[in-house]
Amino acid sequence: MKEFRDIEEKWQKRWDKDKVFEVDENKKNKCYVLEMFPYPSGSGLHMGHSRNYAIGDVYARFKRLKGFNVLYPMGFDAFGLPAENAAIKEGIHPKEYTDKSIKSFTNQLKALGNSYSWSRVVRTCDVNYYKWNQLLFLKFLEKGLVYRKKAPVNWCEHCGTVLANEQVEQGECWRCHNPVEVKQLEQWFLKITKYADELLKDLKILEGWPEKIKKMQESWIGKSKGVEIKFKIKDGEELKVFTTRPDTLWGVTFMVLAPENPKVMELVKGTEKEKEVKRFIDKVVLEDKYERTAEDTEKEGLFIGKYAINPVNGAEVPIYIANFVVAEYGTGAVMAVPGHDQRDFEFAKKYKIPIKIVIKPKEHELDAEKMMRAFVDVGVVVNSADEFNGMNNLEAIEEIGKYLEKEKFGKRTVEYKLRDWLISRQRYWGTPIPIVYCDKCVAVPLNEKELPIKLPEDIKFDGEGNPLLKKKEFLEVKCPKCKGNGRRETDTMDTFFDSSWYFLRYCDSKNEKEMFSKKKVKYWMPVDQYIGGAEHAVLHLLYARFFVKALRDFGLLNFDEPFLKLFTQGVVYKEGARMSKSRGNVVVQDDMIERYGVDSVRVFLLSLSHPGKTVEWDGKGIEGAYKFMNKVYSLKEKVKIKDNSKDKNVLSKLNLLIKNIESDFENFDFNLVLSKVMGFVNYLYKFRENLSEEVYKESVSKLSIVLSCFAPHVCEELYGEDYVSLADWPQLNSKKIDLELENLENFVSSTISDINNVLKLVKIENPKKITLLVAEEWKYKLYEKVLKEGKGDMKFKVKGKEKESIKLLGMLKKKGLPKFILNQKKELEALESEKEFIEKEFKLKLEIKKDGEKALPGKVQILIE
RNA sequence: GCGGGAGUGCCGGAGUCUGGAAAACGGGACAGCCUCAAGAGCUGUUGGCUUAGUGCCUACGCAGGUUCAAAUCCUGUCUCCCGCACCA
């Protein structure tokens with residue numbers, strides 16, 4: 001639509017020129033609205049993106065209108081694999097690819113009309129940004145939060161790099177969905193586990209976060225309280241196990257070690273079992289780890305010929321190794337209680353190991369022979385030490401824990417599922433890790449002054465491994481410590497490192513001297529409203545929280561959490577799958593914008609459904625949004641005034657609208673805002689000839705302010721003075737809301753239904769008398785009309801509300817009721833009333849939604865005889 | 001198995017917190033007006049029955065319960081989507 005397109009261009013240029021959305025620290029209340037910054041890929045923005053960014057923009061614009069000093073920045077998560085892969089595939093440099101992508105992203109975001117503060121753009125691939133990554137790395141190292149360790153790590157062959165635990169989804173690489181292998185490698189880890197407890201605890205203060213995301217983090221951190229118990233190995237040293245169920249300690253009938261547990265080979269060394277055990281381990285370890293440890297995988301194990309001694313009763317139990325035990329959790333060894341753990345139960349059945357009952361239900365006995373599954377419910381301790389028998393097992397967990405500590409059999413501990421974060425990546429397009437290796441000094445961190453370590457740009461991509469490995473100038477350096485020959489670290493940082501603090505950099509993105517000015521960060525942070533996808537629940541959202549806590553402990557920040565409120569948008573699906581380039585089911589925004597104008601597209605995308613819900617793409621509805629925008633735009637031209645009979649009504653509707661939508665905005669109920677605004681626009685449009693100039697102007701002006709969040713360009717045009725984007729939210733004038741007017745229809749119809757209900761209730765076909773007692777406040781004209789004039793003439797032509805009045809009259813008449821009159825007390829009584837007294841009385845409350853200031857006395861009593 | 005969420009016309013979705021004419025708002029379909037025509041715009045219809053009434057009946061996943069009154073509150077149950085998953 002040409003006209004809309006012209007308007008868009010005009011205003012986008014003006015916004016840019018006048019720096020309308022640029023902000024500085026000032027005395028106003030600040031509001032930091034942030035969307036997760038995008039990864040700039042070569043393909044354009046599709047409808048999923050458009051919807052997401054529209055959501056953020058509506059909120060930011062709303063807050064701006066409400067008088068906040070709104071920081072709403074945009075940037076690019078510009079390092080990462082896809083750029084590198086594109087480089088290999090298409091033969092262009094990742095930098096070039098990224099620059100190009102960022103450019104096209106920027107253009108498309110601008111085309112969307114989003115009110116970003118463009119001067120603050122952050123690009124993580126700029127030295128100016130990533131040098132601070134390097135500084136941070138050194139700081140982490142200094143504080144003992146970074147360490148290098150040889151460990152079993154997740155390796156994605158397809159991406160040619162290791163991955164963090166969080167980046168493995170059901171055994172597959174989060175990015176390419178190829179199976180992940182386990183490799184023993186020496187890598188850099190970030191000690192996120194140090195903050196495990198705080199990360200868990202502080203979830204409680206994140207009231208503005210979706211429950212779902214918090215639960216996901218909670219289970220990812222996976223805290224469990226238990227006891228570490230020492231078992232002696234017969235003729236050997238001791239073996240520690242971790243258990244959350246010390247109450248079942250007397251029911252232990254075997255032990256199981258993870259095959260990877262180094263203790264295993266030590267134990268069998270030189271015994272006749274050695275070969276067999278080795279074969280078993282090799283077999284199990286070769287298997288895909290995810291499959292092996294899936295819940296429905298058949299349990300397999302092997303007795304290793306050794307026995308352990310239960311510290312509390314001296315019982316000797318056989319030691320097994322088995323596929324279902326995870327090496328990394330707890331001590332990589334478990335005490336098995338088949339009576340009270342389903343996994344142990346299955347294993348015991350398979351290998352014919354005895355089952356011993358030590359907890360039983362209150363009411364009946366258990367027979368270990370006949371049990372079909374383990375008893376895991378709450379019960380009573382039996383067959384254990386005398387002092388615990390008869391105790392409720394939950395209580396026994398506590399007591400036995402204490403007992404074990406007292407007897408020095410073990411100690412109470414806490415275990416987490418959370419693992420340290422592996423940040424090394426064997427890829428080129430990322431932040432170089434500021435480390436030099438040297439034969440003498442091992443791994444030497446660089447001095448701060450030597451930063452930044454620039455990522456060399458002049459390199460060759462042959463598709464084989466990390467090109468940095470072949471870049472001599474980069475590779476060969478002097479050891480900073482001994483000045484001998486050293487070799488630079490060629491691994492780069494996980495890009496989630498970049499995104500863990502970018503929101504801080506926005507506060508002061510051009511600072512050359514520091515990561516950020518503490519003062520500026522203090523003003524803007526924390527982010528008031530964060531918006532992004534739920535898929536980052538245990539990735540970015542967890543890492544960023546960790547960074548903030550760590551930086552706080554470095555003395556750089558003075559708050560505990562980066563994001564006060566979080567909104568997770570829904571995904572746009574097409575043909576049953578998430579819209580994405582790789583699936584080839586994208587609908588790009590450009591064509592649609594070209595045809596209908598961007599405001600229509602924005603309105604359409606947000607009217608579809610609640611922004612938090614996933615939607616299946618169906619472009620048909622755009623027509624409706626387009627019609628709506630046309631109608632809105634046509635309000636620019638005032639038609640001839642016939643009369644001003646609707647002034648009151650329109651003002652009432654207008655103020656009602658302003659009142660109602662504010663909380664909808666806060667709750668992200670944008671679909672509701674839009675439907676309410678549409679309702680108002682229809683009303684205004686319908687009666688535009690019956691309005692005084694003032695009222696019309698006021699209506700259009702206020703409408704354009706509230707609607708500017710959704711349709712900023714057309715609304716700028718409509719507003720006509722200054723920038724609507726910087727206007728003040730319209731003042732609510734509650735007095736103009738005419739409740740009588742607004743509730744008229746409601747009142748009549750509900751009265752009808754009340755009478756109906758009452759009639760049904762008392763089963764009187766022809767009641768002798770019906771009395772309606774109406775409160776003084778209900779001076780509804782309609783009632784007067786119906787009851788004064790309504791002589792049963794139902795044939796006068798009426799519409800709308802008045803139709804209802806006919807319905808009321810007719811209905812009453814049909815029920816055999818004669819004329820009514822309205823008396824001074826606003827009591828309505830049947831004329832031919834009997835003196836007989838009322839037999840039944842039903843009070844029917846007619847409650848109208850409260851308006852906060854004045855609750856209506858709305859109450860009608862219907863008395864029937 | 002655990003956790004989160006959802007079941008309402010042909011479709012997307014309001015309404016549920018705070019019980020009181022179910023279906024706001026939008027899409028789609030159908031009919032009419034306007035047009036040479038198309039589009040746009042406007043008007044109406046869109047659960048069933050119907051003698052066409054100002055009528056009756058049925059309906060908010062299913063089954064119960066509370067209540068004068070339930071989509072809404074309570075109990076049970078089914079289905080679907082999403083996340084985690086042998087963590088001892």
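All chains are named by letter (A, B, ...) in the order of the sequence lines, taking the proteins before the strands, and each is independently numbered beginning at 1.
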Q) Taking the P atom of each, how far is rG27(B) from rC86(B), in whole Å? A) 49 Å

Check: In whole Å, what separates the P atom of rA71(B) from that of rG7(B)?
Finding: 15 Å

**Report entry** rG12(B) OP1/OP2 closer than 4.0 Å to side-chain N/O of S607(A)
**Finding:** no

request  = Would you mind classifying the nucleic acid contact of D296(A) as base, sugar-phosphate or nothing, using non-hydrogen atoms under 4.0 angstrom?
outcome  = nothing

Practice prompt. Answer yes if the side chains of D420(A) and T193(A) hold a donor-acceptor pair under 3.5 Å, and no otherwise.
Written response: yes

**Prompt:** Just checking S219(A): base, sugar-phosphate only, or nothing, at a heavy-atom cut-off of under 4.0 Å?
**Reply:** nothing

When rounded to whole Å, the CE to C1' distance for the pair M216(A) and rG3(B) reads 10 Å

5'-most contact on RNA chain B (nearest-nucleotide basis), T243(A) vs E211(A), goes to E211(A)

When rounded to whole Å, the CG to P distance for the pair N261(A) and rA88(B) reads 17 Å

In Watson-Crick or G-U wobble terms, with both distances under 3.5 Å, the base opposite rG1(B) is rC84(B)

Under a 3.5 Å limit on both distances, the Watson-Crick or wobble mate of rA6(B) is rU79(B)

Applying the 3.5 Å cut-off to both distances, the Watson-Crick or G-U partner of rC17(B) turns out to be none

Classify S224(A) by what it touches in the nucleic acid, base, sugar-phosphate, or nothing, heavy-atom distance under 4.0 Å. sugar-phosphate

- On a whole-Å scale, what distance lies between the C1' atoms belonging to rC60(B) and rA24(B)? 15 Å

Lys/Arg N to Asp/Glu carboxylate O, R578(A) vs E616(A), below 4.0 Å:
no

Taking rG9(B) as the reference, what is the distance to rG47(B) when you measure between their P atoms (whole Å, please)? 12 Å

- Using a cut-off of less than 4.0 Å, is there contact between a side-chain N or O of R419(A) and OP1 or OP2 of rC87(B)? no

Separation of rG4(B) atom C1' from L203(A) atom CG, nearest Å, is 15 Å

Would you call the rings of F567(A) and H610(A) parallel, tilted or perpendicular if under 30° counts as parallel and over 60° as perpendicular? tilted

Under 3.5 Å: donor-acceptor pair, side chain of D344(A), backbone of V337(A):
yes

Separation of rG4(B) atom P from L566(A) atom CG, nearest Å, is 17 Å

Closest of rG13(B), rC86(B), rG15(B) to the L672(A) side chain is rG15(B)

Atom OH of Y573(A) and atom P of rC81(B) are separated, to the nearest Å, by 11 Å

Out of rG26(B), rG27(B), rC86(B), minimum distance to the side chain of R343(A) belongs to rC86(B)

Given the P atoms of rU8(B) and rG13(B), what is the spacing between them in whole Å? 9 Å

- For rC84(B), does OP1 or OP2 lie under 4.0 Å from any side-chain N or O of Q170(A)? yes

With syn defined as a glycosidic angle within 90 degrees of 0 and anti as anything else, the base of rG26(B) is anti

Separation of rC82(B) atom P from K212(A) atom NZ, nearest Å, is 9 Å

Ranking rA85(B), rG13(B), rC87(B) by distance to the side chain of K417(A), first place goes to rC87(B)

* For nucleotides rC62(B) and rC10(B), find the distance between their C1' atoms and express it as a whole number of Å. => 23 Å

- Task: Can you tell me, in whole Å, how much space there is between the C1' of rA69(B) and that of rG19(B)?
- Result: 8 Å

Notebook entry, point to check: Under 4.0 angstrom, heavy atoms only, what part of the nucleic acid is G624(A) near: base, sugar-phosphate, or nothing?
Noted result: sugar-phosphate

Whichever of F242(A) and N682(A) has the more 5' nearest nucleotide on RNA chain B, that residue is N682(A)

Among the nucleotides rC82(B), rG13(B), rA85(B), whichever has the atom closest to the side chain of W220(A) is rA85(B)

- Item | Pi-cation contact, Y683(A) with K653(A) (under 6.0 Å, within 45°) | yes

Separation of rC86(B) atom C1' from Y320(A) atom OH, nearest Å, is 18 Å

I want to check one thing: is the phosphate of rA24(B), taken as OP1 and OP2, less than 4.0 Å away from some side-chain N or O of N671(A)? no

(message) Quick one, I353(A) and P338(A) - any side-chain contact, counting heavy atoms below 4.5 Å?
(response) no

With syn meaning chi within 90° of zero and anything else anti, the base of rG53(B) is syn

Taking the same atom, P, in rU46(B) and in rG55(B), what whole-Å distance lies between them? 15 Å

K620(A) has its side chain closest, among rA14(B), rG27(B), rA88(B), to rG27(B)

Does rC87(B) have OP1 or OP2 sitting under 4.0 Å from an N or O in the side chain of Y416(A)?
no

Practice problem: May I ask you to say what A294(A) touches in the nucleic acid, namely base, sugar-phosphate or nothing, with a heavy-atom cut-off under 4.0 Å? | Solution: base

Stepwise side chain to side chain contact (heavy atoms under 4.5 Å, CB included) check, F242(A) with T413(A) = CA-CA 8 Å; F242(A) 174 75; T413(A) 56; 3.3 Å; yes

Indicate the ring-plane relationship of F710(A) and F665(A), choosing parallel, tilted or perpendicular according to the 30° and 60° boundaries. tilted

Rounded to whole Å, the CG-P distance (N630(A) to rC42(B)) equals 10 Å

Discussion item. Heavy atoms only, 4.0 Å cut-off, all strands: where does K676(A) land among base, sugar-phosphate and nothing?
Written reply: nothing

E295(A) has its side chain closest, among rG26(B), rA85(B), rA88(B), to rA85(B)

Winner on side-chain proximity to S609(A), out of rA88(B), rC25(B), rG12(B), is rG12(B)

*R343(A)/E295(A) ion pair, N-O < 4.0 Å*: no

Q.
For rC84(B), does the base pair up with any side-chain atom of K215(A) as donor and acceptor (N or O, under 3.5 Å, distance only)?
A. no

rA38(B) -> Watson-Crick or G-U wobble partner, both distances under 3.5 Å, gives none

Which part of the nucleic acid does E616(A) contact within heavy-atom distance under 4.0 Å: base, sugar-phosphate only, or nothing?
-> nothing

Winner on side-chain proximity to T297(A), out of rA88(B), rC82(B), rC86(B), is rC86(B)

Check your understanding: Under 4.0 angstrom, heavy atoms only, what part of the nucleic acid is V615(A) near: base, sugar-phosphate, or nothing?
Key -> nothing

Discussion item. With a cut-off of less than 4.0 Å, is there a side-chain N or O of K214(A) near OP1 or OP2 of rC84(B)?
Written reply: no

Of the candidates rA14(B), rG41(B), rC86(B), the side chain of N323(A) sits closest to rC86(B)

Under a 3.5 Å limit on both distances, the Watson-Crick or wobble mate of rU43(B) is rA31(B)

Can you say whether the rings of H540(A) and H536(A) are parallel (under 30°), tilted (30 to 60°) or perpendicular (over 60°)?
-> perpendicular

Checking rC42(B), rC82(B), rC86(B) against the side chain of K631(A) (C-beta onward), the nearest is rC42(B)

